[in-house]
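Atoms considered below: every heavy atom in the structure, side chains included; atoms not considered: hydrogens, waters and symmetry mates.
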Amino acid sequence: MSQSSAMAVGSALRSEVMCPHCWHRFAPHQILWVSVHPELRGDPRVGEDAQQRFLPSRFDVQCRALDVRGEPCTELACPNCHLTLPRSLLELKPLLVSILGAPGSGKSYYLATSVWRLRQTLSEYFRIQFADADPTANQVLIDYEEKLFLNPTPDQPVMLPKTEKDGQLYESVRFDDRVVWFPKPFLFTIRPQPEHPNAAYLKHLARVLCLYDNAGEHFLPGGETPNSPGTAHLSQSEGLLFLFDPTQHPRFREACQEKSQDPQMQEHGWAHRQDHVLSEAAKRIRARSNLPESQKLDKPLVVVVTKFDAWSSLTEWNRLELDQLIHRSSLGLGAIHLKKLDEVSHAVRSLLNEYAREVVVAAEALSKDVLYVPVSALGGAPEVLEQSGGQALGVRPKNIRPMWVEVPFFYLLYRCIPGLLPRVKGTDKKRSGRS
Ligand SMILES: Nc1nc2c(ncn2[C@@H]2O[C@H](COP(=O)(O)OP(=O)(O)OP(=O)(O)O)[C@@H](O)[C@H]2O)c(=O)[nH]1
Ligand SMILES: [Mg+2]
Ligand SMILES: [Zn+2]
């Protein structure tokens with residue numbers, strides 16, 4: 001049996017597979033297998049301790065490739081970078097979403113809390129299953145979720161580490177005499193459940209969602225090099241989530257200082273010019289996709305305005321509840337109220353125009369479809385940890401109450417996969433307020 005016929009048994013293979021580690025595209029018959037026999041160690045790309053990768057010629061009756069020592073294998077790897085791939089990528093279309101933002105803008109907390117909430121709310125509201133495509137590969141994120149939401153000592157402050165450019169969220173691959181660091185993808189399968197109204201179209205609607213947690217430094221001008229192409233997913237992704245943090249903006253700080261107890265609001269001066277993160281992303285996407293300067297992207301860009309708890313005093317809202325945006329039928333099925341989402345977006349845009357107009361200008365120069373969404377990963381301010389000498393901020397798990405963290409993903413899923421998330425009928429009005 002050939003490699004493609006062996007893998008095709010019981011499943012429909014895609015004609016092209018994309019590696020979420022190095023973004024190389026290849027035909028399914030080129031995929032490598034990871035040997036199992038303990039003596040078959042040492043791979044030129046992923047290191048001496050890794051099992052050898054190989055192109056198989058023999059399979060057992062269960063269609064598992066046999067390594068040269070005759071051991072049946074199950075793990076697959078990319079023919080370019082040799083990093084492992086979940087089988088679901090052979091069958092389902094990928095959906096890459098890039099999360100970008102300056103250092104400290106809240107990306108890691110946002111990723112951990114939104115994934116935790118998506119596991120529950122996609123099924124609860126929309127009858128969509130959201131699951132780990134490969135729990136081992138998602139382990140760092142699963143650990144983050146457990147630290148924040150399943151902590152046995154919820155009274156003790158915890159913190160997520162700052163993402164380092166060559167830390168545990170990156171993987172190194174040797175190409176001849178070069179070592180390249182790729183960001184680790186987090187992979188999830190998204191599938192309509194049998195009770196979903198379009199469950200019959202599962203094949204068209206199911207996806208492997210690929211997310212990355214970059215270090216913010218990677219998005220700053222000069223932050224990317226050929227050996228550290230950490231943000232190359234920007235040009236491959238179908239949707240962009242730009243995290244804007246008002247607590248790092250002097251004018252927001254000034255406006256909120258009296259009204260917010262958040263230690264992040266008390267600092268002074270610029271931490272990072274956050275609009276530069278967007279203009280740098282635009283430059284990289286245009287360079288990789290050969291797009292002229294004047295052309296805006298078709299892909300949706302959500303400006304996720306983080307740490308809402310710290311700047312809510314500038315708005316008319318106290319808490320953000322999902323039921324304000326998602327309407328449920330008598331059967332409990334949810335639909336997005338796009339008009340209400342649009343009204344919120346319009347109000348946040350006005351606020352940004354007042355305090356950080358440069359961000360609105362940069363966002364709307366990049367994409368034709370910009371939505372502004374307030375979110376809070378924590379639902380309240382972090383506290384200064386005394387044992388860190390006042391340097392670090394922590395949060396007590398029992399106090400964490402995320403607000404609207406899943407809304408940017410709902411919108412991207414609505415836009416990128418027609419038929420997956422319904423909207424309230426008659427609310428698909430063209431969003432106003434864009435220049
Ligand atoms: N008030 C408030 N603070 C938050 C919230 N989410 C995160 N923070 C704080 O923001 C700080 C930075 O958060 P991270 O998620 O580590 O930021 P990051 O964007 O991943 O930063 P890098 O890894 O350096 O790129 C932490 O000290 C958090 O306590 C939130 O919803 N509200
Ligand atoms: Mg981080
Ligand atoms: Zn690869």
Exercise: do Ser235 and Ser289 side chains pair donor with acceptor under 3.5 Å | no
Does the side chain of Gln274 pick up a donor-acceptor pair with the side chain of His249 at under 3.5 Å?
-> no
Hey, can you tell me if Phe26 and His24 have their rings parallel, tilted or perpendicular (30° and 60° cut-offs)?
-> parallel
Could you tell me how the ring of Phe182 sits relative to the ring of Trp23: parallel (under 30°), tilted (30 to 60°) or perpendicular (over 60°)?
-> perpendicular
Tell me yes or no: between the side chains of Asp245 and Thr247, is some donor less than 3.5 Å from an acceptor?
-> yes
Can you establish whether the number of heavy atoms outside Lys203 located under 6.0 Å from its atom NZ is more than 12?
-> no
Heavy-atom pair of closest approach, residues Ile31 and Ala77 = CG1-O, 3.3 Å
Whether Tyr212 and His233 hold their rings parallel, tilted or perpendicular, with breakpoints at 30° and 60° = parallel
Where do Tyr372 and Phe244 land on the ring pair (Phe, Tyr, Trp, His ring centres under 6.0 Å) test, with the steps shown first?
-> CA-CA 10 Å; Tyr372 299 86; Phe244 172 73; 9.8 Å; no
Relative to each other, are the rings of Phe308 and Trp311 parallel, tilted or perpendicular (30° and 60° limits)?
-> perpendicular
Please step through side-chain hydrogen bond (donor to acceptor under 3.5 Å, both in side chains) for the pair Ser114 and Glu406, ending with a clear verdict.
-> CA-CA 5 Å; Ser114 57; Glu406 54 280 82; over 6 Å; no
Side chain to side chain donor-acceptor pair (under 3.5 Å) partner of Asp43, the single match among His82, Arg53, Gln51 | His82
Step by step, work out the side-chain hydrogen bond (donor to acceptor under 3.5 Å, both in side chains) result for Asn151 and Thr153.
-> CA-CA 5 Å; Asn151 200 309; Thr153 53; 3.2 Å; yes
Let me see the working for Ser88 and Thr189 under side-chain hydrogen bond (donor to acceptor under 3.5 Å, both in side chains), right down to the final yes or no.
-> CA-CA 8 Å; Ser88 45; Thr189 51; over 6 Å; no
Are more than 12 heavy atoms from other residues, nucleotides or ligands located less than 6.0 Å from atom NZ of Lys147?
-> yes
Do Gln264 and Asp262 have side-chain atoms, one donor and one acceptor, less than 3.5 Å apart?
-> yes
Kindly determine whether Lys107 and Asp213 satisfy salt bridge (charged side-chain N to carboxylate O under 4.0 Å, His left out), including the steps that lead there.
-> CA-CA 7 Å; Lys107 296 180 296 300; Asp213 186 13; 5.9 Å; no
Do His218 and Tyr170 have their ring centres less than 6.0 Å from each other?
-> yes
Smallest heavy-atom separation, Leu234 atom then Lys299 atom, equals O-NZ, 2.9 Å
Between Glu164 and Ala215, what is the shortest heavy-atom contact and its length?
-> C-CB, 4.0 Å
Is the number of heavy atoms from other residues, nucleotides or ligands within 6.0 Å of CZ (Arg319) greater than 12?
-> yes
Would Phe149 and Trp116 count as a close aromatic pair, with their ring centres under 6.0 Å?
-> yes
Indicate yes or no: at least one non-hydrogen side-chain atom of Phe409 is less than 4.5 angstrom from one of Leu241.
-> yes
